[in-house]
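Reviewing the structure listed below.
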Amino acid sequence: MKFSELVKIRQSERKYLDKPVEKEKIGQCLETARLSPSANNSQPWKFVVVDDPELKEQLAGFADSMGMNRFTHQAPVIVAIVLEKMGIASTVGSVIKDKEYSLLDVGIAANQFCLQAADLGLGTCIIGWFDEKKVKELLQIPRNRRVPLLITLGYTDSPARKKIRKPLEVFSSRNRY
Ligand SMILES: Cc1cc2nc3c(=O)[nH]c(=O)nc-3n(C[C@H](O)[C@H](O)[C@H](O)COP(=O)(O)O)c2cc1C
């Protein structure tokens, strides 16, 4: 599939089929995320794959609240992205330039994971709305770590939706703001 087509079929999937995801495909998604760029090549992430059905169900329960993210119960796999400590260069750079490089890094890696999944015929949804404290306790993530994102992963038969995005002239400009 051409990259330009891949980015069109990648969409946030909120319905999943009752079908397990092959370990090799999960591995391929992880590998593509692993190759992501990061500030100073700091790679400030750890991807925790949750495919144990009972654990995954508990995890879904921590994302499902206030009418948000009920679909997480359907997904056979949920990946928690843990923010690891940046290298010294990125940490200093983040302070001097007042930019959270590690969050940018994690966002890029999450997207690479999702694009690889789409290329393998899998659906994903990046999840930012969840009870981080409970997720950390459940997955035994050290208290001094943050979990900025979860990603649901699974098979889906939803057709591709039309993308709703800002028009190009609002989204971009040439030479000046
Ligand atoms: C940082 C981030 C957090 C998100 N959190 C959620 C979430 O908690 N629940 C959800 O259903 N979608 C979530 N999304 C998915 C967005 O709603 C979705 O990407 C956006 O509406 C564009 O739609 P598309 O992904 O289908 O193209 C999140 C996306 C990002 C990038």
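Numbering of ligands and ligand atoms starts at 1, following listing order. Worth saying up front: this structure is predicted, and the values here are computed from it rather than measured.
Residue Q11 has at least one heavy-atom neighbour below 4.0 Å for each of these atoms of ligand 1: 26 (O). Remark: ligand 1 atoms within the under-4.0 Å shell around heavy atoms of F71 are 11 (O). Here is the list of ligand 1 atoms found below 4.0 Å of a heavy atom in W129: 8 (O).
Taking every heavy atom of both residues into account, Y155 and G121 meet most closely at CD2-O, 3.8 Å. Residues T152 and A75 share a closest heavy-atom pair of CB-CB, 3.7 Å.
Protein heavy atom closest to atom 20 (C) of ligand 1, with residue, atom name and distance, is S12 OG, 4.5 Å. What sits closest to atom 3 (C) of ligand 1 on the protein, heavy atoms only, is G128 N, 3.6 Å.
Using a 4.0 Å cut-off between heavy atoms, C125 contacts ligand 1 through its side chain alone, with no backbone atom that close.
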Could you pull out every donor-acceptor pair under 3.5 Å between side chains of residues 127-141 and any protein atom, sequence neighbours left out?
from, atom 1, to, atom 2, distance (Å)
W129, NE1, S65, O, 3.3
W129, NE1, S65, OG, 3.0
D131, OD1, K133, N, 3.3
D131, OD1, K134, N, 3.2
E132, OE1, R146, NE, 3.4
E132, OE1, R146, NH2, 2.8
E132, OE2, R146, NE, 2.9
E132, OE2, V147, N, 2.8
K136, NZ, R143, O, 2.8
K136, NZ, R145, O, 2.5

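In this structure, K2 places its NZ atom where only 12 or fewer heavy-atom neighbours from other residues, nucleotides or ligands lie under 6.0 Å away.
In this structure, L149 has a heavy atom closer than 4.0 Å to ligand 1. The closest approach between any non-hydrogen atom of F130 and ligand 1 is not below 4.0 Å. Using a non-hydrogen distance threshold of 4.0 Å, R165 registers as a contact of ligand 1. Note on ligand 1: R10 sits in its first shell, one or more heavy atoms being nearer than 4.0 Å.
Defined by atom type and a distance below 3.5 Å, a donor-acceptor pair is missing between the side-chain atoms of T32 and Q112. In this structure, a donor-acceptor pair under 3.5 Å is present between the side chains of N40 and S90. There is no side-chain donor-acceptor pair under 3.5 Å between Y101 and S42.
Evaluated by nearest non-hydrogen atom to atom 21 (O) of ligand 1, the leading choice among K162, K163, R14 is R14. Nearest to atom 26 (O) of ligand 1 by heavy atom, out of R161, M68, R70, is R161. One option in I126, N69, I127, V7 has a heavy atom closer to atom 13 (C) of ligand 1 than any other, and that option is I126.
Under the salt bridge (Lys or Arg N to Asp or Glu O under 4.0 Å) criterion, E22 pairs with no residue, sequence neighbours left out.
When the side chains of ILVMFWY residues are joined at heavy-atom separations under 4.5 Å, either directly or via intervening members, M86 and W45 end up in two distinct hydrophobic clusters.
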